[in-house]
Structures are given as C-alpha cells and as structure tokens.
Amino acid sequence: MPSFKIHSSWSVSGLITILILISGHASAQKWVDTLYTIQTTYDVVYGQDTGFAGRLDTLKLDISIPQNDTPSACGRPLLVVVHGGAWVAGDKNDGYAKRLREDFAKRGYVTASVNYRMGYFNTEKAVNCNVSGWNCFNATDSSEWYRANYRGMQDVRGAIRYLVNTKSTYSIDPNHVYLVGESAGGFIALSTGYLDDPSEVMTGLSAAMPSAPKPNAIYDNPCVQKYNMASNIASMSLTRPDLGSYDGRLNQPLKDSVRIRAVGSIFGGSFNNLFETFQSPAPALYLYHQPCDLIVPYNHDRLLAGFNSCMMQFPTNCGTIINRPGCYGGKGIADLIDTLAAQGKPTITYLFDRSTNGYGCAEQALDPSKVCHAIDNYWLRTKNMAAFFSEQMDSCATGSILSMQVQTLSLYPNPSSDIVTIDWEQKSEFEELTVLDVNGRSHFPTITQHNNALHVNLHALHAGMYFVRIQSHGTIWMGKFVKN
C-alpha cells in the first residue's frame, strides 16, 4: 500500500482558508494566504551586549518555521519581527509580534520575533503625573530616545546575521529578507532597513556623551524596576559611551551577503530622513498608520504629541512630558519620499495603507476598539502587507509559480454514515492529508488507498460536517463531506 501522511493539526486560520477556497476561489496565494502549519522554537540566544545602564543583556528570539511546505532551491524568505513598547517595554512573544511571527510563518516565511536592548535614562527632575506609565516617558534629554532606537537597530542587525550565518539550519534565503515592526519596533525596522550611510546618523547622538544625571527616585519602582531596565537606580552606570557602528558588534562577520527586500512599519516612524541616501537596490516600504494616533504622530510632530495633549486636559491635568524628540510618522515618511520624487531624485517603492479614523481623546479613552495606536483591521492590513511583500520576490523565491493551485476533491456518497470515497486519479503519493471538523479540530479516521481511490472510514466520527485537505506536489485538493 502506498504510504501517506495524515497531518496532526491545522490552525483556525488554515480552516478559514479551507472554507474560503471551497466556496469558490480558484487558488491560494503562496506568501499571502496562511497555508502552512508551523513549529516554533522559543528563547534562542542570538547574542549578548551592554545595555544603556551598563548591564550585560542576553538577547533572545523566537523562531517559527513552516512544516508542510517545500522550500525552493534557494531556501525560504526570512522575516524578522520587532515588537513595540516605547523602547522600555514589550516582548517578542506579545501581541502583534507573536501574531505576525505566526501568521507570516503560515505564509511560508521563516519568521523570527526578536528582543533587543531596551531602556533609557529618566530625568533627574520630579516630573510627576498620576497616570500609569506616564512618568516613564520623561527622559533625561531627547537623545536618549534616539540612542535606544540605535541600540535596537544594532541588535536586529545582529539577529539577522545570526540567522543568516546559520541559514542551513532553517533553510533561509539571505537574498530575501523582510523586516516588520510596530510602534517603537517600526522605528527600529525602518532604521535597520534604510540607515546605510554614516551621513544618516544624527550628528553626535550615537557618539560618547556626558554622563547622565542620576534619575529621580520617583522613576525607580514604576519605571526602572517595573520594566527591568536595571535592578534599581542605584545599580545603574550613568556613563554614555560611544555606541559604535550602526551595524553593531553581534555575530560578526556576516558569512553571506544579505538583501533586505522590504520593510513594514506599523504605526512606526523615523527620527530623521533616512530615504535621501540609500544603497541600490533599496528595500520597498509598507507603511500603515491612522490619522488619530496619539503616540506616534501621523505627519511630523513630537513623539507622544497627542497623548501629551490628552493628559494635559481635565480630569488628569498633567504637565508636559519633557524631552520628547520630533519624528516622522507614516504620512510624514510618505511625504518625504514623494518630495524626493518631485525633485527628480531616486526614490523607493512604497505602499501607504491607512485608515480614515478620526477619534479624539475621549473616544479612545472610553472605547478600546477606537484606540488609534493599533491596527483597525488586522487581517486586511497584514494581508495587504503580505501581498506587497510578495511582489518583491524574484523567481528563485517563488519557484515556477507564485500560487499554489487548488483543486476540488470528489467525495461520495455524501452524506454518508459508513465510508466516504475520495477520487484520487493522480496515481501518486501525497505529502499530507488533513481531516477537520467545523471547529478546526483534527480527526484521525482510518484511511485506506486502493487504485485511484481513498476510503475514509467514518465510524469513529460524530455526526456533522468535515473538511478534507490534501497537498501533493505543489497542488492543494480540498473537499467537504457530512457524516449522518
């Protein structure tokens, strides 16, 4: 009897894909639709480096790999996800970072979500507001934001080198690297993708600077200790040394050439214009932003401009968050690129994906669904980004076809209470067979193969509707049956 694999699990998003495809779509797009099951390895150490307050930080990443795909001869594309959290909080396995890592692995990428060195010196001034987290935004000067972002960029570049230097382990194609970051992670992703010339480093801010004044004691417990920036203020080294090259020190030397094909910034931004000088070919750019974002300005303004304005109003009546740097948000970056194009200068390819929401302070405070420092429609925006990324791939990444063709299975008798027969005229072994119920749970009925048919024994199944998915040599076959 020919051998075949009955797959042990399938994601809910994979079931949604089955439902959509059975209902009439002709094909599922590789790199765009979530087609694959994945396996994740957590807390892979990719290096150590010194944090802002002198502590040696161990840096880790989580990596997800498709399990039922067939990589091209070049390997799989690599996507690196960078979490947000204002450079003081957040984690590689939280929120959007986790979802993006999992979903893009299901699209066929090797995906890694990374932690990076976080933290910056709070001011010596007692600038206080009784709103949770507000105090932690008061830096000793505006350079601290830039230096935190710079360290994050160095770490992400070190993570890319680690992954490329071990590419055979994960079947990675270093010629197809993608970056995605949200909020502060968007700043880091943009810097990683586009800061490629010393002239783009903001003057003096990454160089050695005078030691920071000791942060005020009001920041110790709610900021320094809460977000593990240091054991406490007393343990901090207050020196601010030269941060070194924007490439960082980790995992040098790089053992293969790398090409970053595209960068995704999800309500992120840039402290300066990174787009006038770039190496060719430059990465393409996906931008997502909402006009009502209170954290990262939509155009060009100080960081936290909207949030600061809201907190100054009744009933909080907070003062101004001090030492906030200016930055370009999604619309501001798009305008920078458009200005270069209007001047006849070389520019990068970009897609600006935006909402039209205009919620104010009170609306966002009272209704979490209206918070504008978030994605208004996760599946729409990430699928738009995935489609844009897929356009940047060449034939080596995509293979001979961009889409995995989908065919309909013939099953009979249907409904049935005993045996369902599946026509299988391909006369070939297949790579995977999956049986699921309408809740996405896998089932393992006895299946036998005889000549050009597969016979599914239904005795172990409860009454209801089930779905069958077979993958064979670049084609997906789908069908459904009902057990009486």
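Values below: every heavy atom of this structure, side chains too, minus hydrogens, waters and symmetry copies.
For Gln48 (side chain) and Leu56 (main-chain N/O), no donor-acceptor pair under 3.5 Å exists by modelled atom type. Without hydrogens or angle criteria, Asn135 side chain to Tyr219 main chain gives no donor-acceptor distance under 3.5 Å. Distance alone, capped at 3.5 Å, places no donor-acceptor pair between the Arg381 side chain and the Asp376 backbone. Remark: side-chain polar atoms of Tyr120 are not paired, donor with acceptor, to backbone N or O of Ala139 under 3.5 angstrom. Between the side chain of Gln290 and the backbone N or O of His373, no donor-acceptor pair lies under 3.5 Å. Ser390 places a side-chain N or O within donor-acceptor distance of the main-chain N or O of Ala387, the cut-off being under 3.5 Å. No donor-acceptor pair under 3.5 Å is formed between the side chain of Asn299 and the backbone N or O of Lys331. Although no hydrogens or angles enter the test, the distance criterion places a donor-acceptor pair under 3.5 Å between the side chain of Tyr150 and the main chain of Gly244. Checked by atom type and distance alone, the side chain of Arg261 never pairs as donor or acceptor with a backbone atom of Tyr178 at under 3.5 Å. With hydrogens and angles ignored, the 3.5 Å screen pairs a side-chain donor or acceptor of Ser72 with a backbone N or O of Cys74.
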Stepwise side-chain contact (heavy atoms from CB on, under 4.5 Å) check, Ile38 with Phe104: CA-CA 10 Å; Ile38 63 174; Phe104 273 83; over 6 Å; no
Start with the C-alpha distance between Ser113 and His83, add both sets of side-chain angles, then the distance that settles side-chain hydrogen bond (donor to acceptor under 3.5 Å, both in side chains), and finish with yes or no. CA-CA 7 Å; Ser113 54; His83 69 80; over 6 Å; no
Under the side-chain contact (heavy atoms from CB on, under 4.5 Å) criterion, do Lys255 and Val164 qualify, and how do the steps go? CA-CA 7 Å; Lys255 298 178 182 178; Val164 169; over 6 Å; no
Would Gln67 and Thr37 satisfy side-chain hydrogen bond (donor to acceptor under 3.5 Å, both in side chains), going step by step from the backbone distance to the final call? CA-CA 6 Å; Gln67 292 299 288; Thr37 54; over 6 Å; no
May I have the step-by-step check of side-chain contact (heavy atoms from CB on, under 4.5 Å) for Asp394 and Asn175, ending in yes or no? CA-CA 10 Å; Asp394 62 23; Asn175 193 44; 3.7 Å; yes
Intermediate values then yes/no, side-chain contact (heavy atoms from CB on, under 4.5 Å), Leu179 and Val82: CA-CA 8 Å; Leu179 304 172; Val82 192; 5.7 Å; no
How far apart are the C-alpha atoms of Asp91 and Asn115, what are their side-chain angles, what is the distance that settles it, and do they pass the side-chain hydrogen bond (donor to acceptor under 3.5 Å, both in side chains) test? CA-CA 6 Å; Asp91 182 75; Asn115 278 350; 3.0 Å; yes
For Asn384 and Asp353, what are the C-alpha separation, side-chain angles and deciding distance, and is it a side-chain hydrogen bond (donor to acceptor under 3.5 Å, both in side chains)? CA-CA 8 Å; Asn384 288 347; Asp353 201 5; 3.0 Å; yes
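Between atom CZ of residue Arg76 and atom OH of residue Tyr36 there is a gap of 9.5 Å, rounded to the nearest 0.5 Å. Distance CZ/Arg101 to NZ/Lys106: 10.0 Å, rounded to 0.5 Å. Here the OG-CD1 distance, from Ser142 to Ile322, works out to 10.5 Å after rounding to the nearest 0.5 Å. The distance from atom CZ of Arg259 to atom CG of Asp173, rounded to the nearest 0.5 Å, is 10.5 Å. The line from CG of Leu340 to OG1 of Thr347 is 7.0 Å long, rounded to the nearest 0.5 Å. With rounding to the nearest 0.5 Å, the separation of NZ in Lys92 from CG in Asp43 is 4.0 Å.
Side-chain contact between Asn165 and Leu254 is present, with heavy atoms from C-beta onward closer than 4.5 Å. Using a 4.5 Å heavy-atom threshold, the side chains of Asn216 and Lys125 count as separate. At least one side-chain heavy atom of Ser191 sits less than 4.5 Å from a side-chain heavy atom of Leu274. Proximity of Asn138 to Ile321: side-chain heavy atoms (C-beta onward) are separated by under 4.5 Å at one or more points. Annotation: side chain of Met312 is in contact with side chain of Thr320 (closest heavy-atom distance under 4.5 Å). Side-chain contact check for Ile333 versus Leu285: some heavy-atom pair is nearer than 4.5 Å. At least one side-chain heavy atom of Trp134 sits less than 4.5 Å from a side-chain heavy atom of Met311. Using a 4.5 Å cut-off on side-chain heavy atoms (C-beta onward), Met385 and Ile266 make contact.
Of all heavy-atom pairs spanning Pro77 and Gly108, the tightest one is CD-O, 4.1 Å. In terms of heavy atoms, Pro325 sits closest to Trp145 at CD-CD1, 3.3 Å. Taking each heavy atom of Phe121 and Ala53 in turn, the nearest pair found is CZ-CA, 4.3 Å. Residues Val131 and Cys318 approach most closely at CG2-SG, 4.0 Å, considering heavy atoms. The shortest heavy-atom contact between Ser355 and Pro291 is O-CD, 3.3 Å. When all heavy atoms of Leu195 and Tyr146 are compared, the pair lying nearest together is CD1-OH, 4.3 Å.
Classified by interplanar angle (parallel below 30°, tilted 30° to 60°, perpendicular above 60°), the ring pair Phe267/Tyr288 is perpendicular. In this pair, Tyr46 and Tyr162 present their aromatic rings tilted. The plane angle is within the 30 to 60° band.
Remark: Arg107 does not engage Asp103 in a salt bridge, criterion side-chain N to carboxylate O under 4.0 Å. Here Asp57 does not pair with Arg151 in a salt bridge; the nearest charged N to carboxylate O distance is not below 4.0 Å.
Pairs of residues two or more places apart, or lying in two chains, that qualify as salt bridge (charged side-chain N to carboxylate O under 4.0 Å, His left out) and include a residue from residues 241-252 are Asp49-Arg249, Arg157-Asp247. Applying the salt bridge (charged side-chain N to carboxylate O under 4.0 Å, His left out) test to every pair with at least one member in residues 356-368, sequence neighbours left out, gives no pairs at all. Within the structure, the salt bridge (charged side-chain N to carboxylate O under 4.0 Å, His left out) test picks out no pair touching residues 181-198 (sequence neighbours left out). Here salt bridge (charged side-chain N to carboxylate O under 4.0 Å, His left out) pairs that include residues 293-303, with residues two or more places apart or in two chains, number zero. Within the structure, every pair that satisfies the ring-ring contact (aromatic ring centres under 6.0 Å, His included) test and touches residues 185-207, not counting sequence neighbours, is listed here: Trp87-Phe187, Phe187-Phe271, Tyr194-Phe275.
Geometrically, Arg99 engages Tyr378 in a cation-pi contact defined by less than 6.0 Å to the ring centre and at most 45° from the axis.
Applying the salt bridge (Lys or Arg N to Asp or Glu O under 4.0 Å) rule to Lys167 yields the partners Asp256; only residues at least two apart in sequence or on another chain are considered.
Each of Leu79, Val263, Leu351 was evaluated against Phe389; a single residue qualifies, Leu79, per the side-chain contact (heavy atoms from CB on, under 4.5 Å) test.
Ring centroid separation for the pair Tyr109 and His176 does not come in under the 6.0 Å cut-off.
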